[in-house]
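This report concerns only the one structure given below.
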There are 2 protein chains.
Amino acid sequence: MGVTRPVPLGSLHLTHLVVILSDDSSTFRPNPNSIPGAVVSRLSLYLRELQHLIADGKETTSSSQLGRRLGFTDAQVRKDLAHFGHFGHPGIGYRCDELITAIRKILGTDREWQVALVGVGNLGRALLGYRGFAQQGFRLVVAFDTDEEKVGTRIEGVEVCHLSRLGEVLLEKQIELGMVAVPAVDAQEVTDELVKSGVSGIVNFAPVTLKVPEGVSMVGVDLARELEQVTFTVANKLANPD
Amino acid sequence: MGVTRPVPLGSLHLTHLVVILSDDSSTFRPNPNSIPGAVVSRLSLYLRELQHLIADGKETTSSSQLGRRLGFTDAQVRKDLAHFGHFGHPGIGYRCDELITAIRKILGTDREWQVALVGVGNLGRALLGYRGFAQQGFRLVVAFDTDEEKVGTRIEGVEVCHLSRLGEVLLEKQIELGMVAVPAVDAQEVTDELVKSGVSGIVNFAPVTLKVPEGVSMVGVDLARELEQVTFTVANKLANPD
DNA sequence: GATTGTGAAAGTGTTCACAGCG
DNA sequence: CGCTGTGAACACTTTCACAATC
């Protein structure tokens, strides 16, 4: 990002110099490693809430309104957004549409992403039918399974191919993201295949920790784990009711 | 937890005095509010990994082995567990079965939990068929929907009742946990019903932030959000490849 | 020799509080 | 006047490093 060259007079106190030099003039893109995962995760929530606000006919909002609706402080909302630029208007707040555009750009969902699903079992089928993906710009274009009954059919309009054709099809369809919904024992093998085929991000629904090389990003969703988070609180609240 | 009364001689350096006074002599149960959510979330991962280790025939493990497999440091593993008691054996490590028992007790999954599902759409059906719940002690006993086609049938062996019977059925079946898999617009209403019917914990799959009263615990799972976490990293890695 | 449990140090993330701006 | 953006204070979390233990 060649920003370290000598800077003329006066510019010395610019904190976000790269905004000016970069050809993408509207959004500051810091090294993702320097952004806490929790911030990114909240960004998704802000986006979701802004979409609800727009649906309710609101034009603008404020850090305190956004925070209140999500259970965060106003300062947190502002600090989170400040990682990426200046999106607010002092005295006014944030214009919902503006902020939505900005957050989508940050999250990378200002364009469509082609997604493949591996594993058309119970969960896989549900993922194929889930409307929420399309709404956020994710296009589930193909699914894979080894079950000959399923291979060749279309489920929810999505073609099911044999797992053995994974590499070939992913390349042909230019797929960048994968979702793994196979049994735990098969998940690592499938993941290795996805990585070999050039996928750059994976969401894993199998209850195992998967190894991926540097440069491939990976998020795990474990349904039983979510329930355990709840039972912990419930069990301990019962044992310890203030 | 009346521990503040005068303590005789010698006991002054006991950190976990409550262990001795409590009638549950094996596990320290601190106020859940004092345990960071991140710790609890890792506890689930430790449990999962220990189960894999047992399946591989390992009798014992160590904080460094456990950490390495999950991408944490050994110190983190030890510190996390230290919140709840002394489960390890210096020089040896942790006995897998022992630690599994201890973590289940902490998470509250040392017993079965009766779970109800509301919303038998795509996702709901997948949840009904998901084996992972039973494996961790969650029993999905009943589902609710408003679709007359589904009401009265059994899906994956689970009875589907009409939503209007929610209160009655939950009480009768002594249900403690609910999973919400209805469209976003209906989620708050359904949640209010669950709470009114005495459910103490909820996992919400609708992309909205739900309000629940103090004392009801709530976890949200938003599938599009998970994908957004991945695209953020991918998009920014592409823009910023070190 | 290996490994835990834990204070102390280092590192991160959150909240406060207010200057500056519309 | 209301609200943002932000340095500084605070709180929390992780890592280090080592005495204690088997």
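Reminder, nothing fancy here: chain letters follow the sequence lines and each chain counts from 1.
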Integer-rounded Å distance: [N] [atom2] and [X] [atom1]:
| X | N | atom1 | atom2 | answer |
| --- | --- | --- | --- | --- |
| A:Ile35 | C:dT12 | CD1 | P | 13 Å |
| B:Asp74 | C:dT6 | CG | C1' | 13 Å |
| A:Phe84 | D:dG5 | CZ | P | 14 Å |
| A:Phe87 | D:dT6 | CZ | P | 11 Å |
| B:His83 | C:dG5 | NE2 | C1' | 13 Å |
| A:Ile92 | D:dG2 | CD1 | P | 12 Å |
| B:Leu81 | C:dT4 | CG | C1' | 11 Å |

Ion pair [X]/[Y], N-O distance below 4.0 Å:
| X | Y | answer |
| --- | --- | --- |
| A:Lys105 | A:Asp110 | no |
| A:Asp97 | A:Arg95 | yes |
| B:Lys196 | B:Glu189 | no |
| B:Arg225 | B:Glu228 | no |

Quiz item: Taking it one step at a time, do A:Tyr94 and A:Leu53 satisfy side-chain contact (heavy atoms from CB on, under 4.5 Å)?
Solution: CA-CA 12 Å; A:Tyr94 301 88; A:Leu53 284 164; over 6 Å; no
Quiz item: What string of B, S and - do you get for nucleotides 11-19 of chain D, 5' to 3', when a contact is any protein heavy atom under 4.0 Å?
Solution: --SSBBB--
Practice problem: Mind listing the residues from residues 62-70 of chain B sitting with a heavy atom below 4.0 Å of DNA chain C? Number order is fine. | Solution: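 Those residues are B:Ser62, B:Ser63.
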Quiz prompt | Contact nearer the 5' end of DNA chain C, comparing A:Pro90 with B:His89 | solution =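 On the 5' side of the pair lies B:His89.
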Is the closest side-chain donor-acceptor distance between [X] and [Y] under 3.5 Å?
| X | Y | result |
| --- | --- | --- |
| B:Gln229 | A:Ser41 | no |
| B:Arg78 | B:Ser63 | yes |
| B:Gln51 | B:Gln136 | yes |

Practice problem: Report the end-to-end axis angle of the helix from C:dG1-D:dC22 to C:dG22-D:dC1; each axis comes from five terminal pairs, and the value is rounded to 10°. | Solution: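 Axis angle across the helix from C:dG1-D:dC22 to C:dG22-D:dC1, nearest 10°: 10°.
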Practice problem: Name all residues meeting the ring pair (Phe, Tyr, Trp, His ring centres under 6.0 Å) criterion together with B:Tyr130; count only those two or more places apart in sequence or in a different chain, and write none if there are none. | Solution: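 Ring pair (Phe, Tyr, Trp, His ring centres under 6.0 Å) check on B:Tyr130 returns B:Phe133.
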Practice problem: Using the test salt bridge (Lys or Arg N to Asp or Glu O under 4.0 Å), find all partners of A:Arg69 that sit at least two apart in sequence or belong to another chain. | Solution: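 Salt bridge (Lys or Arg N to Asp or Glu O under 4.0 Å) check on A:Arg69 returns A:Glu49.
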Donor-acceptor pairs are to be reported for all side-chain atoms of residues 181-188 of chain A against protein atoms at under 3.5 Å, with residues two or more places apart or in another chain.
residue, atom, partner, partner atom, Å
A:Gln188, OE1, A:Lys211, N, 2.9
A:Gln188, NE2, A:Asp192, OD1, 2.8
A:Gln188, NE2, A:Lys211, O, 3.0

Quiz item: Is the distance from OP1 or OP2 of D:dT6 to the nearest side-chain N or O of A:His86 less than 4.0 Å?
Solution: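 True: A:His86 side-chain N/O within range (under 4.0 Å) of D:dT6 OP1/OP2.
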Exercise. Taking only the side-chain nitrogens and oxygens of A:Tyr94, find out if one of them lies under 4.0 Å from OP1 or OP2 of D:dG5.
Key: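 Checking D:dG5 against A:Tyr94, a side-chain N or O does come within under 4.0 Å of OP1 or OP2.
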